[in-house]
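Comments concern the structure below.
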Amino acid sequence: MSELGRLNRVELRDIWQSEAQDFTPWLAREDNLALLGETLEIDLELEAVEQNVGPFRADILCKNTLSDRWVLVENQLERTDHTHLGQLMTYAAGLDAVTIVWIAARVADEHRAAMDWLNEITDTEVRFFALEVELWRIGDSPAAPKFNVVSKPNDWSRNTAAAKRTVEDTLTPTRALQQRYWNGVQALLAQNGGPMRPVSAPAQSWLSHGIGKTGVGLNMAMNTRENWVRVEIYLAGKWAKQDFAALEARKPELDTAFGSALEWQGLPEKQDARICHLLKADIANEAEWPRQHEWLVRNAVRMREVFHPHVTRLDRRDVREDD
């Protein structure tokens with residue numbers, strides 16, 4: 001029998017001596033924000049560090065790449081305190097639609113209760129998470145971080161069930177088929193694991209996953225009349241054409257890495273743009289769904305592997321906010 005190691009807890013201050021100088025810069029790194037995003041089930045893109053929000057200075061300000069809404073992260077290397085709770089409430093008041101994430105070495109019982117209460121009384125535009133951070137190592141291995149959620153919004157467990165009942169009562173046959181189809185795709189994606197996380201299956205012809213940049217989605221789409229399914233990088237909003245041009249400049253490299261010639265659709269009649277790969281598929285034939293689902297998941301995962309590093313490095317500094 002193989003010998004197993006033993007987990008040893010590491011004191012946070014042994015690795016991060018200072019919140020502002022050590023922990024915040026560490027957390028703001030792309031790979032560590034990705035770890036936090038996996039815990040929260042939110043795809044995060046860094047916007048600013050030590051950003052002024054009202055009279056206070058937020059540790060980290062991010063965007064949820066799927067909803068384009070703010071995610072504000074406040075961290076402590078100690079036990080939570082009333083001062084930080086007050087700051088978080090001020091941040092929530094200053095931002096119309098925001099997710100507040102409070103990370104600490106330990107979340108006090110009274111602050112956990114306060115976060116639960118805030119999630120109860122606020123609408124779905126403002127959400128509160130409280131997380132405890134730990135460090136562990138095995139033997140002489142590097143310390144590994146672990147985030148534990150101790151308080152989170154409960155609206156999706158309550159509202160999703162009610163919404164599902166309402167939707168199921170009103171879905172057309174086509175919408176019901178679409179939702180069943182995407183449920184199968186997301187179930188397969190969940191089985192595979194990896195960086196692509198499943199999302200709620202919509203009753204519509206497409207669904208979107210984050211790929212690390214606001215305005216860029218890794219989508220799956222279907223057409224029940226023309227009988228095709230596809231995976232795509234969909235670029236939307238004011239940056240779409242610039243982002244598309246930057247990626248298209250690497251077209252040979254990206255096509256080769258993907259393993260097939262992709263369709264590069266600049267969509268000149270629209271503000272948006274698309275890069276896609278298509279499969280002809282009889283969607284009405286449910287016996288064919290497992291093959292189609294496997295194709296979608298395999299190609300979506302491959303598209304993420306190829307495009308994610310390029311998408312996250314897209315340079316938008318020369319685009320004015322009013323463009």
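Because the structure is a prediction, the values reported are computed rather than measured.
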Using every non-hydrogen atom in the two residues, find where [X] and [Y] come nearest and quote the distance to one decimal.
| X | Y | answer |
| --- | --- | --- |
| Gly5 | Ile138 | CA-CG2, 3.9 Å |
| Arg127 | Pro153 | CB-CG, 3.5 Å |
| Thr80 | Ala104 | CG2-CB, 3.5 Å |
| Ser151 | Asp116 | OG-OD1, 2.5 Å |
| Asn219 | Ser208 | OD1-OG, 2.8 Å |
| Ala143 | Val10 | CB-CG2, 4.3 Å |

(request) Please assess Trp264 against Phe244 for the test side chain to side chain contact (heavy atoms under 4.5 Å, CB included), listing each intermediate value before the final yes or no. (result) CA-CA 9 Å; Trp264 295 74; Phe244 181 80; 3.9 Å; yes
Whether over 12 other heavy atoms sit under 6.0 Å from [X] [atom1]:
| X | atom1 | result |
| --- | --- | --- |
| Lys270 | NZ | no |
| Glu11 | CD | no |
| Gln21 | CD | no |

With the side chain counted from C-beta on, respond yes when [X] and [Y] share a heavy-atom pair under 4.5 Å apart, and no when they do not.
| X | Y | answer |
| --- | --- | --- |
| Asp59 | Val49 | no |
| Val199 | Gln186 | yes |
| Leu77 | Arg13 | yes |
| Leu131 | Leu40 | yes |
| Val216 | Thr65 | no |
| Gln51 | Arg57 | no |
| Ile211 | Asp43 | no |
| Met303 | Leu218 | yes |

Would the distance check show the side chain of [X] and the main-chain N or O of [Y] forming a donor-acceptor pair, the cut-off being under 3.5 Å?
| X | Y | answer |
| --- | --- | --- |
| Ser205 | Ala221 | no |
| Thr256 | Pro252 | yes |
| Arg180 | Arg175 | no |
| Tyr234 | Asp272 | no |
| Asn64 | Arg69 | no |
| Asn227 | Asp282 | no |
| Gln87 | His82 | no |
| Asn119 | Met115 | yes |

Can you tell me how far [atom2] of [Y] sits from [atom1] of [X], rounded to the nearest 0.5 angstrom?
| X | Y | atom1 | atom2 | result |
| --- | --- | --- | --- | --- |
| Glu248 | Leu262 | CD | CG | 11.5 Å |
| Glu110 | Arg112 | CD | CZ | 10.5 Å |
| Phe129 | Phe147 | CZ | CZ | 13.5 Å |
| Ile233 | His310 | CD1 | NE2 | 11.0 Å |
| Leu279 | Leu296 | CG | CG | 7.5 Å |
| Ile100 | Leu72 | CD1 | CG | 4.5 Å |

(request) Decide yes or no on side chain to side chain contact (heavy atoms under 4.5 Å, CB included) for Lys241 and Leu267, but give the supporting numbers first. (result) CA-CA 9 Å; Lys241 298 304 187 188; Leu267 306 179; 4.2 Å; yes
(message) Is it the case that the ring center of Tyr181 lies less than 6.0 angstrom away from the ring center of Trp289?
(response) yes
(message) Tell me if the centroids of the rings in His111 and His84 come within less than 6.0 Å of each other.
(response)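 That pair fails the under 6.0 Å test.
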Is there a path from [X] to [Y] through hydrophobic residues (I, L, V, M, F, W, Y) whose side chains come within less than 4.5 Å of each other?
| X | Y | result |
| --- | --- | --- |
| Val150 | Val73 | no |
| Leu35 | Leu7 | no |
| Leu36 | Met196 | no |
| Leu278 | Leu235 | no |
| Val101 | Val107 | no |

(request) State plainly whether the residues Glu41 and Arg197 are in salt-bridge range, i.e. N to O under 4.0 Å. (result) no
(request) In plain terms, say whether Arg274 and Glu232 are close enough for a salt bridge, that is, a side-chain N and a carboxylate O under 4.0 Å apart. (result)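 A salt bridge is present here (some side-chain N lies under 4.0 Å from a carboxylate O).
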(request) Assess the side chains of Glu78 and Gln76: does a donor N or O sit below 3.5 Å from an acceptor N or O? (result) no
(request) Would you verify whether the NZ or CZ of Lys146 falls within 45 degrees of the ring axis of Trp136 while also being under 6.0 Å from that six-membered ring's centre? (result) no
(request) Show your working on side chain to side chain donor-acceptor pair (under 3.5 Å) between Trp102 and Asn75 and close with a plain yes or no. (result) CA-CA 6 Å; Trp102 191 5; Asn75 57 69; over 6 Å; no
(message) Could you walk me through whether Met220 and Arg230 satisfy the side chain to side chain contact (heavy atoms under 4.5 Å, CB included) test, starting with their C-alpha distance in whole Å, then the side-chain angles of each, then the deciding distance to 0.1 Å, before giving a yes or no?
(response) CA-CA 6 Å; Met220 303 181 193; Arg230 72 181 175 214; over 6 Å; no
(request) Scan for ring pair (Phe, Tyr, Trp, His ring centres under 6.0 Å) pairs involving residues 182-218, sequence neighbours excluded, and state none if there are none. (result) none
(message) I need the single residue from Arg298, Arg291, Gln292 that forms a side chain to side chain donor-acceptor pair (under 3.5 Å) with Glu294. Which is it?
(response) Arg298
(message) Go through it in stages, so that I can follow the logic: the residues are Leu247 and Leu314, the test is side chain to side chain contact (heavy atoms under 4.5 Å, CB included), and I'd like the CA-CA distance, side-chain angles, deciding distance and then a yes or no.
(response) CA-CA 8 Å; Leu247 293 172; Leu314 287 169; 4.2 Å; yes
(message) Please verify the inter-ring angle class for His277 with Phe258; under 30° counts as parallel, over 60° as perpendicular, anything in between as tilted.
(response)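 Correct class here is perpendicular.
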(message) Checking Lys213 now: which residues fulfil salt bridge (Lys or Arg N to Asp or Glu O under 4.0 Å) with it, not counting sequence neighbours?
(response) Glu45
